Engineer: 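Attaching a single structure in structure tokens format; questions to follow.
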Amino acid sequence: MKHVTWAILFLTPVAIALQGSGGGAKDGQQVFRLNGGDVSYVVGINDKGQLQTVYWGKRLPDSQEFQAPKQGREVASFDMSLNTTPQEFAGWGGGLYVEPDLKITFPDGNRDLVLKYVSHTATADELDVVMKDISREVYVKVQYHMDSSTGVVRRSAEISNRTGAPLTIEQVASGTYNLPRGTDYQLHYVTGRWAAEWNLQQQPIHGGKTVLESRRGTTGAQNNPWVMIDRTGDHDQDHGDVWFAALGWSGSWQIAVEQDPAKETRVTGGPNAFDSSYYLKNGETFQTPYFYGGFSSNGTGGASRLLHRFEVDSLLPHAPHPKLRPVLYNSWEATTFNVDEAGQMALAEKAAGIGIERFVMDDGWFGERVNDHAGLGDWYVNSKKFPHGLKPLIDKVHSLKMDFGLWVEPEMVNPDSDLYRKHPDWVLNFTNRPRTEGRNQLVLNLARPDVHDYVLGFLDKLLNENDIAFLKWDYNRNWSEPGWPAVPVEQQKNVYVDFIRNYYDILQKLRQKHPGVEIESCSGGGGRVDLGVMHLTDEVWTSDNTDAYDRLFLQEGFSYAYTPAVMMAWVTDSPTWVNQRSLSLEYRFLSSMQGSLGIGANLNKWTPEDFTTAQKMVAAYKTVRQTVQQGDLYRLMSPREGEQTVTESVSRDGKQAAVFAFLHSSTQMYPFPRLYLRGLDENAMYELHSVAGKVNEDTPVKATGAYWMHHGVDLALRGDFQGAMFTLERQ
Ligand code: DGJ
């Protein structure tokens with residue numbers, strides 16, 4: 001593996017004394033170093049046998065040696081050294097008050113857990129450190145994997161119960177990332193709700209703890225399991241040290257960012273402990289989700305470019321060569337539940353005429369689904385709407401040279417459905433308590449083996465019987481009454497974990513059985529987007545908010561954590577249902593073309609001019625699709641900072657840059673500020689091609705990368721909600 005070296009430095013004589021049942025490294029202190037990309041991640045065993053962070057930041061020369069770590073100093077009798085030692089994985093016990101990585105209750109009532117080093121194994125890009133409780137046969141394998149090109153570290157932990165009795169995991173994290181001591185950090189994260197996801201927030205990290213979380217059973221839109229931390233006043237889009245962490249877990253989750261009594265910052269991430277626990281029988285192991293961490297010295301822009309690269313090259317299902325997203329049409333905003341054979345065929349014909357590559361029929365095609373009150377759970381084709389099944393529509397779509405996609409919402413059931421009438425016990429519920437509905441639906445308990453088999457079975461059958469290339473997998477509410485009465489009481493809270501494990505298992509099995517099928521993760525918009533689901537799905541639905549101006553904000557927030565390669569963005573009707581805002585079709589296209597383009601408008605209402613505009617924009621998109629989806633994204637102007645938004649994507653091979661510019665509103669005759677491009681080769685010549693809007697008349701057609709970056713480009717944009725796009729092609 002290129003750029004990966006593990007140097008295991010034994011700084012004091014190796015004397016890993018395994019002491020009877022206690023275990024631990026008494027005198028032997030070790031340092032393990034992991035290098036990848038431009039990052040070094042160094043951990044060590046301290047003088048107490050604890051696993052401790054030594055260094056995480058810009059890659060240091062291989063010749064650089066590190067001292068073995070020493071436990072932190074006791075601040076006072078109130079804060080024993082455990083609370084000032086930057087442990088990588090801390091058990092709750094021995095007086096730990098900061099966020100633990102593992103908290104256990106044993107059947108005898110003991111709840112003390114103190115983990116010490118036992119052994120380790122290291123390969124070229126992996127390190128496993130085995131820790132054990134000082135008296136009980138509880139083992140934790142703390143696992144690291146370093147991505148060789150980006151330096152993104154993947155953390156996880158495997159907890160083994162060999163105590164001879166069951167135990168209850170009350171809280172578990174995948175691990176803790178510790179930042180270098182300092183008090184000038186700033187935390188970035190996103191907040192949101194339905195139709196308003198991806199709002200960027202930032203705040204200084206002070207003493208105390210900020211907890212980002214979902215208690216909803218799934219990822220949620222209110223927070224997203226991603227954080228970025230920079231040094232206040234010392235960063236911008238391209239400069240400064242930035243750390244980031246993101247959790248690969250689609251269930252209830254928590255990331256705690258905490259400044260400890262020694263003013264050290266800890267970032268602990270894993271499944272949320274709220275209302276959850278895991279009953280682990282003797283002999284069983286519990287594998288945590290992955291918690292990824294990265295570092296860039298190139299500012300917040302550099303950090304997100306690194307994360308995008310990691311996602312495209314190492315995480316997506318077909319990484320390192322994920323397929324480009326086809327331009328799709330989706331029926332939802334055009335026809336809502338009123339889908340039928342003739343109507344969808346008519347839309348398909350129109351879509352094909354503008355260069356659409358995938359036709360997706362959304363909600364409404366199954367069961368007795370005429371609105372959101374009925375049908376979920378009954379996954380047979382509605383014979384009134386499709387008297388001959390789906391085949392005629394699918395054949396029609398194929399004859400128009402598009403592939404066919406279908407909407408499903410597998411984990412949900414309407415009480416008004418055959419499935420619920422037959423299996424009322426299949427939903428999450430507490431016995432003899434109300435079952436709270438959201439959008440007239442209940443959540444199937446996917447943790448149940450029979451529900452798992454039912455969902456996998458109907459999806460497999462659907463894909464076997466129909467030539468379907470794409471599933472839009474939706475999920476339109478969060479949990480309530482999360483009971484699982486069918487299992488013994490002590491196992492009922494396993495539901496938070498077992499549900500998600502089964503969800504992943506179904507995705508995995510479907511992918512194995514139908515390797516050609518692509519899947520979108522949707523949860524009423526961007527409510528289930530995280531690095532866990534991204535590993536098993538090909539794209540995500542960013543938001544139900546398709547207002548092209550609102551999208552500039554949403555898409556910017558999204559892009560801090562996730563790559564445009566998966567960011568679906570539809571062009572819909574104007575005025576939008578969201579804000580009643582009217583925007584030109586060209587503007588709406590330009591907004592969506594910054595991600596993975598789709599069209600969700602009612603084509604039956606389009607004028608011939610609209611079709612001409614759409615044909616032109618779809619064709620233009622196809623020429624920059626690779627650059628936009630998989631290139632390097634630079635944010636030249638943020639919608640949060642003024643009247644303009646500008647993004648630039650540069651292809652990996654450096655041959656093309658695509659620039660999208662938006663003017664929200666002209667005021668007082670001020671011209672559009674000059675754009676200074678980034679990421680070009682200073683000495684190469686680039687030719688400018690205008691796709692939409694205008695550059696100033698004095699702009700040269702050809703100039704060096706240095707000219708475009710240092711002299712810059714002036715745009716001739718005036719008015720409200722104006723947009724422009726141009727490309728630079730290297731000569
Ligand atoms: C919510 C999704 O986000 C929409 O795009 C659409 O698929 C509806 N569900 C259908 O019910």
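Every value quoted in this text rests on a predicted model; they were computed, and no experiment measured them. Residues: numbered from 1 along the sequence shown. Each ligand, and each atom within it, is numbered from 1 in the order the structure gives.
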Engineer: Output all residues satisfying ring pair (Phe, Tyr, Trp, His ring centres under 6.0 Å) with Phe310, sequence neighbours left out; order by chain, then residue number.
Structural biologist: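 Counting only residues at least two positions away or on another chain, Phe310 forms a ring pair (Phe, Tyr, Trp, His ring centres under 6.0 Å) with Tyr292.
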Engineer: Name the residues with a heavy atom less than 4.0 Å from ligand 1?
Structural biologist: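 Within 4.0 Å of ligand 1, protein side: Trp332, Asp362, Asp363, Trp407, Arg439, Lys472, Asp474, Asn476, Cys522, Gly524, Gly525, Trp541, Asp544, Trp570.
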Engineer: Which residues pass the side chain to side chain contact (heavy atoms under 4.5 Å, CB included) test with Leu536, not counting sequence neighbours?
Structural biologist: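 Once residues adjacent in sequence are excluded, the partners of Leu536 under the side chain to side chain contact (heavy atoms under 4.5 Å, CB included) criterion are Tyr504, Leu507, Gln508.
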Engineer: For the residue pair Thr546 / Glu333, report whether a side-chain donor-acceptor contact shorter than 3.5 Å exists.
Structural biologist: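 Side chains of Glu333 and Thr546: pair found under 3.5 Å.
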Engineer: Please determine which of Asn466, Leu462, Val360 meets the side-chain contact (heavy atoms from CB on, under 4.5 Å) test together with Leu406.
Structural biologist: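 The single option meeting the side-chain contact (heavy atoms from CB on, under 4.5 Å) with Leu406 is Leu462.
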Engineer: When you check the side-chain N and O atoms of Asn545 and Asp547, is any donor under 3.5 Å from an acceptor?
Structural biologist: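 Judged by distance alone, the side chains do not pair up.
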Engineer: Which pairs count as ring-ring contact (aromatic ring centres under 6.0 Å, His included) when at least one residue sits in residues 542-570, sequence neighbours excluded?
Structural biologist: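 Residue pairs passing ring-ring contact (aromatic ring centres under 6.0 Å, His included), neighbours aside: Trp198-Phe558, Trp198-Tyr562, Trp541-Trp570, Tyr549-Phe553, Tyr549-His664, Tyr549-Phe721, Phe558-Tyr562.
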